[in-house]
Number of protein chains: 2
Amino acid sequence: MPKTEEPTIDHEPIAQRALDDRQAAILEAVVTEYIGTAQPVGSGHVAKVAGVNVSAATVRSEMVDLEHEGYLVQPHTSAGRIPTDKGYRFFVDHLTEPGVLGPAQRQKVSRFFDQVHGEMEQMLERTSGLLSDLTSYAAVVVGPTHESAAIRSVQLVGLGPRLALLVVVLADGAVEKRSIELGDDTPDELLAAASTQLQLGLQGRSLAETGVVAKTGDAAVDRAVGVAHAALSDLSSPGEAEHVFVGGPSRLAVAFDAVETVRSVLGILEQQMVVVSLLRDVLDRGLSVSIGVEHGYEPLASCALVVAPVSVDGHDAGAVGLLGPTRMNYPQALAAAHVVGERLGERIGDALGGSGSEDRGAKRPRTPGTKGGRRGR
Amino acid sequence: MPKTEEPTIDHEPIAQRALDDRQAAILEAVVTEYIGTAQPVGSGHVAKVAGVNVSAATVRSEMVDLEHEGYLVQPHTSAGRIPTDKGYRFFVDHLTEPGVLGPAQRQKVSRFFDQVHGEMEQMLERTSGLLSDLTSYAAVVVGPTHESAAIRSVQLVGLGPRLALLVVVLADGAVEKRSIELGDDTPDELLAAASTQLQLGLQGRSLAETGVVAKTGDAAVDRAVGVAHAALSDLSSPGEAEHVFVGGPSRLAVAFDAVETVRSVLGILEQQMVVVSLLRDVLDRGLSVSIGVEHGYEPLASCALVVAPVSVDGHDAGAVGLLGPTRMNYPQALAAAHVVGERLGERIGDALGGSGSEDRGAKRPRTPGTKGGRRGR
DNA sequence: GTTGGCACTCGATTCTACCGAGTGCCAACC
DNA sequence: GGTTGGCACTCGGTAGAATCGAGTGCCAAC
């Protein structure tokens, strides 16, 4: 058979000896069947599938090869085969088109984005619900980081005799706040003066680079300004800013039947920081899918993560993700994640009136070509 | 023994024929044992327990009575007994003291409340983590409703040509926001004027009763004020305001071994509104514990909910709750919930500098007497 | 009223037999 | 050469029978 007799470069141990068409078809059949039934797939079933026009015996001998090369495993002798992570990876990279949503789902998405309103957090929260609803998997949505958003307004509001609240409004509509303690009784006028000073010095800058604020003459005001300024830089500290919205965690309990797996995956989802860096990681590697142990967390070894970026006018504005078992429905999940990610980006852009940043409002073109991760040959 | 021969008022069908001391002791032994082992408890085990100084045979005959009266059930003939919801209820109401936290836990709580800082939401979120950590059950924390908090500041911040953000700061440190759309290009000066007008008209009032705002002469400004004012009343609409923080949902997966139970309970926790009204309901009925079907949600039939109020200067400021299996460790859960609820209230009070509202800052006395729900006779 | 004794129940566990989906191998075929 | 049908073999899953033992209900004796 073809086997593409290259001189066995072997950058990866046994790995990328490309599969010939028939092997690919068989792998595809196994993956598809297994995703549907969660049962090991035998040569007989594969032989029946359209596209594989060979006998069960031939399928068997090919499956032995596929097993040697690490695409399939047998749970035990004389059982059917199950895809490995590598098998899923090949399937996702080479064998599946992103897929399209059904009309009902498409309509759900449209209706959702037509109706959704309210603040960013609420929108993200609900988006996570939508995604989970579309796919029956647990969904995660992380919003834009605010580090680079320009400051629109800074204000100090008195709450108590020595307590004030620093309220910062950013260009993307986010509001950050931090309570600060002031030395002694601080009259409202002083706060007003400090607010004005902060506003003058900071407006238009981003949280990440708050530079210096000019002094007024008044020592008391300057003190307040200093405290507020310190609190401000605290606001941009990492981890504090990013919110993660998890939708439909209960779906995990249907996706996995081992209660221990459910527990450990839920445990991961509880750690927002981990989730954020997980999504970011996957996107940074230019992928849309992370399967099994590809990401480094063992509790997620039996999970796959489908990620799509959210961007507004070409700028990174967060990500959406779907978390399910490795035997998840990749085409559907990819389609859902990308559509929702895209629409969410547009929606956020709309909400900001297209005047969000220095970019001219030219909507970035949709780029369906890059969807399935590295798409080969 | 006592049986307290009251004339059998029978407001409940068979129910409150009080248990004599021996029956109570047996029930207690069964509940305690079952909580520990999750196995049906036989007469032999009960007879061995200190406090029950009778033979297994006697225990058996008493258990028959207890079963008739609905405190115990047998999963099948010739198995030990399991407490019913009614059994747990009696246990909670009459047989258990609130319990105290171990020194290690006590220290965790202290350290937590010494260290915790940042904004309300963050504090509540972390509190839910603490509670879950202390008890190994899932925890819920709902913050104060903002309806009655006085408005400290109202501000309109321009975000785009026709988009502005209404930012409201409340006396309790909460910041609410809502984006509003304005007719045509709206210069910053107009927004400033409208802000001032809103501020004048609304400061000191609560979100619930925003009354009327006086007109300026300027029609454009009045229009903006009107839009903002409408958005404001939208803010106080029910359901929108209350945030629920769920801590340690993964604990549910260890508390229940049936994956379907986990799924349905997680499903309930996803519905914030339900959770809020659940906690509120229980507190309104003057209880600290709701067991099994006492609350109306079937998915929670195998759960118990332990609730403690959070109050600041005697005012309702939310609640904390623990959700576990009906065979949860009630004394520990009650202790943890009440301590954390109390400390949280104090902490919020501190953060507001004791000047939160019209109440003079007299800390409300601790009232440990009311802890275990209706504690009778 | 309490207790020890005793026959009985019934879920859980273990063992055995058996079924059948699926495999690996091989000889025959193209 | 690759492909195919045939065949013996493997082994997890299921069903039934036997066994075990914790726990019960009942009763006679204390």
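Naming: A, B, ... by sequence-line order, numbering from 1 per chain.
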First encountered from the 5' end of DNA chain C, between A/A79 and B/R60: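 Result of the comparison: B/R60.
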Are OP1 or OP2 of [N] and a side-chain N or O of [X] less than 4.0 angstrom apart?
{"X": "A/S78", "N": "C/dA21", "result": "no"}
{"X": "B/H45", "N": "D/dA22", "result": "no"}
{"X": "B/T77", "N": "C/dC10", "result": "yes"}
{"X": "A/T58", "N": "D/dT4", "result": "yes"}
{"X": "A/R81", "N": "C/dT23", "result": "yes"}

Specify the separation, in whole Å, of atom [atom1] of [X] and atom [atom2] of [N].
{"X": "A/Q23", "N": "D/dG2", "atom1": "CD", "atom2": "P", "answer": "12 Å"}
{"X": "A/Y34", "N": "C/dA21", "atom1": "OH", "atom2": "P", "answer": "19 Å"}
{"X": "B/Q74", "N": "C/dC8", "atom1": "CD", "atom2": "P", "answer": "19 Å"}
{"X": "A/K48", "N": "D/dT4", "atom1": "NZ", "atom2": "C1'", "answer": "17 Å"}
{"X": "B/I26", "N": "D/dT24", "atom1": "CD1", "atom2": "P", "answer": "11 Å"}
{"X": "A/M63", "N": "C/dC25", "atom1": "CE", "atom2": "C1'", "answer": "15 Å"}
{"X": "A/L72", "N": "C/dG22", "atom1": "CG", "atom2": "P", "answer": "14 Å"}
{"X": "B/E33", "N": "D/dA22", "atom1": "CD", "atom2": "C1'", "answer": "13 Å"}

Side-chain donor-acceptor contact under 3.5 Å, B/S61 with B/T58: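 Checked: B/S61/B/T58 side chains show no N/O donor-acceptor pair below 3.5 Å.
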Sugar-phosphate, base or nothing in reach of B/A57, heavy atoms under 4.0 Å: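 Since a base atom lies under 4.0 Å of B/A57, the category is base.
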Candidate list A/E28, A/R22, A/Q23, test side chain to side chain contact (heavy atoms under 4.5 Å, CB included), partner A/I26, passing option: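 Of the listed options, the one satisfying the test is A/R22.
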Opposite nucleotide pairing with [N], Watson-Crick or G-U, both atom distances under 3.5 Å:
{"N": "D/dG12", "result": "C/dC19"}
{"N": "D/dG2", "result": "C/dC29"}
{"N": "C/dG11", "result": "D/dC20"}
{"N": "D/dC26", "result": "C/dG5"}

Residues A/R89 and A/E294 bridged, charged N to O under 4.0 Å: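 Salt bridge: yes.
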Closest nucleotide among D/dT4, C/dG11, C/dT3 to the B/H76 side chain: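 That would be C/dG11.
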A/H45 atom NE2, neighbour heavy-atom count above 12 within 6.0 Å: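 No, because the 6.0 Å sphere around NE2 of A/H45 holds 12 heavy atoms or fewer from other groups.
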Closest non-hydrogen atom pair between B/V73 and B/T84, with its separation: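 Closest approach of B/V73 to B/T84, heavy atoms only: CG1-CG2, 3.8 Å.
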